[in-house]
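These notes are about the structure you will find just below.
For ligands, and for the atoms within them, numbers begin at 1 and follow the listed sequence.
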Amino acid sequence: MTDETALEMEMVPLVACTISRDVQEFELLIEDMENALGEQWGDLGFDEALPFFEQEDSEPLEFIAIAMDAEDEEELHKLSDIIGAAKERGIKVILIAEDVSPAALHHLLRKGADEFVPYPLPESELQFAIDRLRATEPEPVVEAAVPAPVEAPAVAPQVKLHKGASREGAILAIHGLAGGVGATTFATNLAWELATVTKTDAPKVCLLDLDLQFGSVATYLDLPRRDSVYELLSDIESMDQDSFSQALMTFEDTMEVLTAPADMLPLDLLPPEDIQKLLDTARAHFDYVIVDMPKTLVQWSETVLHAAHVYFAMIELDMRSAQNALRMKRALQSEDLPFDKLRFILNHAPKFTDLSGKSRVKRMAESLGIAIEVQFPDGGKPVLQACDHGLPLATAAAKNPLRKEINKLAASLIELGRDDAEAA
Ligand SMILES: Nc1ncnc2c1ncn2[C@@H]1O[C@H](COP(=O)(O)OP(=O)(O)OP(=O)(O)O)[C@@H](O)[C@H]1O
Ligand SMILES: [Mg+2]
């Protein structure tokens, strides 16, 4: 992967962690941690703390906040061990306690807890405790002490968009490496976000559903599947601008869509030359051509892989995706195809407070020898509902966390396309 084409996603270093039986029991703590630290904190269970201290990710930790109630007094020795291990590493300890006996508190403070704050947290008390910790820090850890950005790190895909003589749009392919990982949801919403990035002068976007048999773009955008699509695809050789545009459906006067045909076509009906011609024609007329790929590798997968400016491979955090990614890697490498061109997107990614989930992501990436450069959160039921109603998330659930991430990715693609055009 070259620097130019690398997608970058910097993980925010964690400067703090809550440690508790169940952090959801301490909602006010979650709120106050977010206010104080943005996304620079994580959450651990009592048994996860010691193993986490052994990991590299724990190095920037400035402090831990152990939240406990009367029930946790039985775990006093465990908590003492956590405090001891934290002290050894120079990590400060704030104790957040609800209905804990004075004896237990005294014990934990003697073990080395630096601050004690009662729960429910009095207004601003957590922030005051953090300030006090920082004030007593002899040499504040450089990065750790920097106030956290509240915004999640912007995904900055460094993609070159080749603009040429004619319109020569960028081809962005999306391939779900396992069924139902969210490829089509991403494809349709990315297309929409790109097409609506500005009110005026937004780029011209065309979405091609090349998942010819089971393609669901038409469903997700509530578009009819025209007979002319079948006719076009079965005779691309004689396709011209007119027949191409006749097969397209306009969605909300904003973007053009080539749906999958109503009747199932054999995937290999189309020779690679036909797909090349289809892509070239689309590129000539649009700024962005989004291609929803079938899960199966076909003869012309290589054609799209070569033509694509970015080839997104979508996965989930499960064995199915991991094994398919490995198969894909082997298949491409055995044909000398550019596996490195794949940009992995992890859908339904663990929340930023889910440290064990995060380390599973890391392990998955390491074991596959890939970089997981973009992560999409689970957007819950509203995503399925938007798909079923044939609406982009921006219309059906604008504030949905999945929508926000796709919107950010679209904005950064536009930005990079602009930089590239200026540099040209
Ligand atoms: N981040 C998410 N949060 C919540 N639901 C999601 C998310 N991503 C996708 N979904 C839902 O998962 C389902 C499958 O998504 P989608 O059809 O996009 O997957 P796919 O990879 O294209 O599947 P196929 O293998 O059928 O092509 C849909 O109901 C969609 O609404
Ligand atoms: Mg799909």
Side-chain angles (χ1 to χ4, degrees), residues 9 152 155 172-194 207-223 225 229 251 257-262 264-265 267 289-298 301 304 308 311-325 327-328 342-352 354 357-358 360-361 372-410:
M9 195 184 95
V155 172
L172 311 176
I174 293 139
H175 189 147
L177 294 195
V181 288
T184 307
T185 307
F186 172 47
T188 44
N189 283 285
L190 178 66
W192 178 260
E193 296 296 338
L194 287 169
L207 172 57
L208 305 179
D209 191 348
L210 294 191
D211 188 359
L212 299 175
Q213 296 190 328
F214 291 104
S216 44
V217 167
T219 313
Y220 290 1
L221 295 174
D222 194 20
L223 292 171
R225 295 165 200 254
V229 175
F251 179 75
V257 183
L258 184 74
T259 70
M264 279 195 189
L265 275 178
L267 285 176
V289 179
I290 318 292
V291 184
D292 191 11
M293 291 292 283
K295 197 176 65 181
T296 316
L297 282 182
V298 284
S301 304
V304 180
Y311 197 101
F312 291 108
M314 200 124 181
I315 52 173
E316 284 175 7
L317 188 54
D318 60 11
M319 195 51 90
R320 208 168 59 111
S321 288
Q323 291 186 343
N324 287 359
R327 282 194 201 136
M328 179 86 161
L342 266 50
R343 300 282 171 267
F344 283 87
I345 298 187
L346 179 72
N347 197 9
H348 306 283
K351 289 203 175 97
F352 71 93
D354 177 1
K358 273 177 147 181
R360 278 194 297 146
V361 175
I372 295 177
E373 295 138 317
V374 181
Q375 301 195 21
F376 287 156
D378 192 288
K381 262 227 173 104
V383 179
L384 180 141
Q385 283 162 350
C387 291
D388 275 358
H389 290 145
L391 293 170
L393 284 169
T395 314
K399 296 215 165 112
N400 188 278
L402 175 63
R403 190 258 162 162
K404 284 191 192 163
E405 289 307 310
I406 299 179
N407 173 276
K408 264 195 238 167
L409 182 60

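Judged by the shortest distance from any of its heavy atoms, H348 lies inside the 4.0 Å radius around the atoms of ligand 1. Residue-ligand proximity: P382 is placed with every non-hydrogen atom at 4.0 Å or more from ligand 1. Put simply, no part of G176 is less than 4.0 Å from ligand 1, judged by heavy atoms.
Closest heavy-atom contact between R320 and G179: NH2-O, 3.0 Å. Contact between S216 and R225 at its shortest, heavy atoms only, is CA-NH2, 4.4 Å. Closest heavy-atom contact between A260 and L212: CB-O, 3.9 Å.
The shortest contact between atom 10 (N) of ligand 1 and any protein heavy atom is with V383 CG1, 3.8 Å. Nearest protein neighbour of atom 28 (C) of ligand 1, counting heavy atoms only, is Y220 OH, 3.7 Å. At the shortest separation from atom 3 (N) of ligand 1 among protein heavy atoms lies G379 N, 2.7 Å. Ranking the protein heavy atoms by distance from atom 8 (N) of ligand 1 puts N347 ND2, 2.9 Å first. For atom 12 (O) of ligand 1, the nearest protein heavy atom (residue, atom name, distance) is G180 O, 4.4 Å. Scanning the protein for heavy atoms near atom 22 (O) of ligand 1, the closest one is T184 OG1, 2.7 Å.
Comparing T185, L393, I174, N189 by heavy-atom distance to atom 30 (C) of ligand 1, the nearest is T185. In this comparison of V217, I406, L384, the heavy atom closest to atom 31 (O) of ligand 1 sits on L384. Checking A178, G215, C387, G182 against atom 19 (O) of ligand 1, the nearest heavy atom belongs to G182.
Of the possible donor and acceptor atoms, one in the side chain of D209 sits under 3.5 Å from a partner among the backbone N and O of V217. A donor-acceptor pair under 3.5 Å is formed between the side chain of Q213 and the backbone N or O of L265. Judged by distance alone, with hydrogens and angles left aside, the side-chain atoms of D354 form no donor-acceptor pair with the main-chain N or O of P350 at under 3.5 Å. Of the possible polar contacts, one joining the H175 side chain to the P294 backbone as a donor-acceptor pair under 3.5 Å is found. With N347 contributing its side chain and I315 its backbone, the two residues share no donor-acceptor pair below 3.5 Å.
Remark: the D292 side chain and the T184 side chain contain an N/O donor-acceptor pair separated by less than 3.5 Å.
Applying the 4.0 Å criterion to heavy atoms of A183 picks out, from ligand 1, the atoms 18 (O), 19 (O), 20 (P), 21 (O), 22 (O). For ligand 1, the atoms sitting less than 4.0 Å from at least one non-hydrogen atom of G179 are 25 (O), numbered in the order shown with element in parentheses. Atoms of ligand 1 found under 4.0 Å from any heavy atom of G380, numbered from 1 in the order shown, are 3 (N), 4 (C), 5 (N). The contact set between ligand 1 and D211, taken as ligand atoms under 4.0 Å from a residue heavy atom, comprises 27 (O).
Under 2.8 Å from the Mg ion (ligand 2) lies an N/O/S atom of T184, whether from backbone or side chain.
Contacts with ligand 1 closer than 4.0 Å are made by no heavy atom of A187, backbone or side chain. At a 4.0 Å heavy-atom cut-off, ligand 1 touches D378 through backbone and side chain alike.
Each of I290, L342, L409 was scored for a side-chain contact (heavy atoms from CB on, under 4.5 Å) with F312, with one residue passing: L409. Of the residues listed (L190, L207, I345, V291), the one engaging I174 in a side-chain contact (heavy atoms from CB on, under 4.5 Å) is L190, and it is the only one.
Under a 4.0 Å N-O distance rule, the pair E193/K408 does not qualify as a salt bridge.
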